Asker: 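I have a structure here, written as structure tokens, and I will follow up with some questions on it.
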2 protein chains.
Amino acid sequence: MIIVPGIASINLSKKLAKIMNAKIANLEYKIFPDGESYIRIVDDVKDDVVIVNSTYPNQDKRLIELFLLIDNLKDLGAKKIKVVVPYIAYARQDMRFREGEVISINTILKLIEKIGADEFITIDIHKEHSLNTIKIKAKNLNAIEVIADYLKNISFNEPYVLAPDKGALERAKKLGEIMKCEYGYFEKYRDRISGAIRIEGIDIDFKDRDVIIVDDVISTGGTIANTAKIVKEKGAKRIIAICTHALLIKDALEKMKNAGVDEIISTDTVENEFSKITVAPLIARELC
Amino acid sequence: MIIVPGIASINLSKKLAKIMNAKIANLEYKIFPDGESYIRIVDDVKDDVVIVNSTYPNQDKRLIELFLLIDNLKDLGAKKIKVVVPYIAYARQDMRFREGEVISINTILKLIEKIGADEFITIDIHKEHSLNTIKIKAKNLNAIEVIADYLKNISFNEPYVLAPDKGALERAKKLGEIMKCEYGYFEKYRDRISGAIRIEGIDIDFKDRDVIIVDDVISTGGTIANTAKIVKEKGAKRIIAICTHALLIKDALEKMKNAGVDEIISTDTVENEFSKITVAPLIARELC
């Protein structure tokens with residue numbers, strides 16, 4: 001088995017190859033002056049291959065490069081092509097909310113399949129049902145266990161695992177159970193007419209406690225910031241925001257820090273300075 | 001027949017719809033904060049459709065949007081889907097120059113086909129043989145006639161049509177024949193060892209003449225600038241650079257102007273301030 005690293009997942013690919021004791025293919029990569037990507041696969045790939053390429057930042061470019069890689073590997077004689085996309089872009093548009101809308105994730109998955117992937121693996125996709133549209137074997141992995149493994153080595157003061165909305169409660173529950181600590185959620189609503197704020201969910205005194213806010217994605221950081229503000233007001237000692245995919249769009253970082261977030265931790269589905277938790281063991285387990 | 005305008009070819013689509021007396025579909029388009037494209041087709045499209053979308057600037061985004069459009073139109077009940085890509089990106093990598101290289105254009109055309117296009121039309125593709133790899137009906141149109149039509153209305157002083165290299169000579173010949181004027185090419189070579197400059201091709205006195213330099217693409221403008229400098233030294237009165245696809249990367253414009261180019265004219269395969277010649281009649285003729 002040969003690991004083929006996409007440009008967005010070079011470090012993750014190396015970690016995965018090390019765990020699996022697999023070869024890693026050498027690639028030449030550049031961007032032409034007009035903005036087009038150039039890729040050359042230097043090594044022999046006439047074996048089963050695993051492409052690892054995330055699709056953020058620059059979703060469109062990463063996707064095109066993924067298609068180029070899959071098609072080229074097939075052409076160069078690769079046998080089975082497993083495609084690992086740690087963060088799959090365009091997943092939020094997973095249904096037609098309004099008539100005539102593009103169901104983006106269906107198109108993207110169809111392209112991956114039709115260009116020659118034999119198997120598709122992703123991590124914490126926005127909605128798992130999206131994988132039902134793809135005809136090849138497809139699997140969504142849950143990052144919560146590698147996140148819990150990482151947190152085990154940090155000492156917390158009366159930790160509380162908090163979901164920033166009802167949708168993230170299942171995630172907080174799993175993490176709370178593994179960490180053997182309290183968990184819950186709250187959600188802030190603003191009455192559209194009166195403007196009054198109503199908080200649904202737990203009403204807890206966070207005084208001097210460490211609060212771990214957990215979500216699947218941090219994009220603009222707005223949800224985390226709103227939650228952190230309330231937690232801070234309720235006396236929390238330390239606030240840690242933890243997620244699988246840290247997109248951190250524009251001033252997300254500043255917004256969260258200003259709201260009282262002390263630390264941001266994510267997995268390396270998106271590689272950046274916060275991605276301290278690797279999903280490599282998770283992917284390796286699935287590939288074995 | 002309904003024309004569906006991609007974001008890169010809105011004006012061209014309108015011109016095409018007018019010529020063909022066809023309906024044009026209304027689209028909602030936006031970019032999400034994370035950079036993903038949102039497209040909604042507002043009108044009924046249960047008919048034969050023609051998507052018109054160029055793939056420059058931002059090749060990767062325009063391609064992803066093209067795939068989203070094709071797949072969505074199919075899903076919304078469009079009958080026959082003809083895909084017009086006035087400028088097709090990734091066409092320069094049309095063969096494996098070195099072992100292991102991605103043959104980008106093959107992958108891109110395969111994606112257009114596999115996602116549901118029934119027919120593909122492009123204009124002045126880098127190499128026509130690239131279309132042999134696609135299994136649906138595919139056609140490359142030559143823009144030289146619409147360019148000649150446009151130039152007929154401009155008065156020139158003893159015009160000379162010049163190809164900036166041997167590869168563009170066929171184009172210069174066609175244009176020269178239609179315009180009933182002289183044509184030729186020259187190419188500048190630098191000896192790799194001695195550094196001596198040798199000019200291959202015509203040796204002509206351009207004194208007080210108008211020189212029309214013609215090429216398929218102007219990308220960095222380097223080729224045109226080098227040619228213009230020599231033409232200027234040889235006494236040309238006016239230098240016009242004309243092309244099908246004006247990509248104009250980075251300082252291309254400045255480079256050409258500094259070299260003595262007085263005017264840049266292109267077709268609207270790429271829409272910008274220089275695209276004064278429309279390819280709409282050319283596409284209309286093919287669709288009829």
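Throughout, a chain's letter reflects where its sequence line sits, starting with A, and its residues are numbered from 1. Treat the numbers as computed from the prediction; the structure is a model and nothing was measured.
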Asker: State, with a plain yes or no, whether a side-chain heavy atom of Phe32(A) is found less than 4.5 Å away from one of Ile249(B).
Answerer: no
Asker: Might you point out which heavy atoms bring Glu99(A) and Arg40(B) nearest each other, and give the distance in Å?
Answerer: O-NE, 2.7 Å
Asker: With chain B, which of Asp75(A), Asn58(A), Ile108(A) has the greatest number of heavy-atom pairs at distances under 4.5 Å?
Answerer: Asp75(A)
Asker: Sort out for me which residue in Gln59(A), Lys61(A), Glu65(A) forms a side chain to side chain contact (heavy atoms under 4.5 Å, CB included) with Asp60(B).
Answerer: Lys61(A)
Asker: Among Asp34(A), Leu76(A), Leu247(A), which residue has the highest count of heavy-atom pairs closer than 4.5 Å to chain B?
Answerer: Asp34(A)
Asker: With a 4.5 angstrom heavy-atom cut-off, which part of Ser104(B) approaches chain A: side chain, backbone, both or neither?
Answerer: both
Asker: Please rank Ile70(B), Thr220(B), Ile115(B), Ile64(B) by heavy-atom pairs under 4.5 Å with chain A and give me the top one.
Answerer: Ile64(B)
Asker: Hey, are the side chains of Thr107(B) and Asn72(A) touching, using non-hydrogen atoms and a 4.5 Å cut-off?
Answerer: no
Asker: Does the side chain of Leu111(B) reach to within under 4.5 Å of the side chain of Leu111(A), using non-hydrogen atoms?
Answerer: yes
Asker: Measure across Tyr90(A) and Glu36(B) and return the closest heavy-atom pair with its distance rounded to 0.1 Å.
Answerer: N-OE2, 2.7 Å
Asker: I'd like to check Gln93(B) versus Ile39(A) (side-chain heavy atoms, cut-off strictly below 4.5 Å). Are they in contact?
Answerer: no
Asker: Return yes when atom NZ of Lys276(A) has more than 12 non-hydrogen atoms of other residues, nucleotides or ligands closer than 6.0 Å, and no otherwise.
Answerer: yes
Asker: Can you tell me how far apart CZ (Arg92(A)) and OH (Tyr38(B)) are? Round to the nearest 0.5 Å.
Answerer: 12.0 Å
Asker: Where do Asn106(B) and Asp71(A) come nearest, in terms of heavy atoms and distance?
Answerer: C-OD2, 4.3 Å
Asker: Is it the backbone or the side chain of Arg96(B) that comes under 4.5 Å from a heavy atom of chain A, or both, or neither?
Answerer: side chain
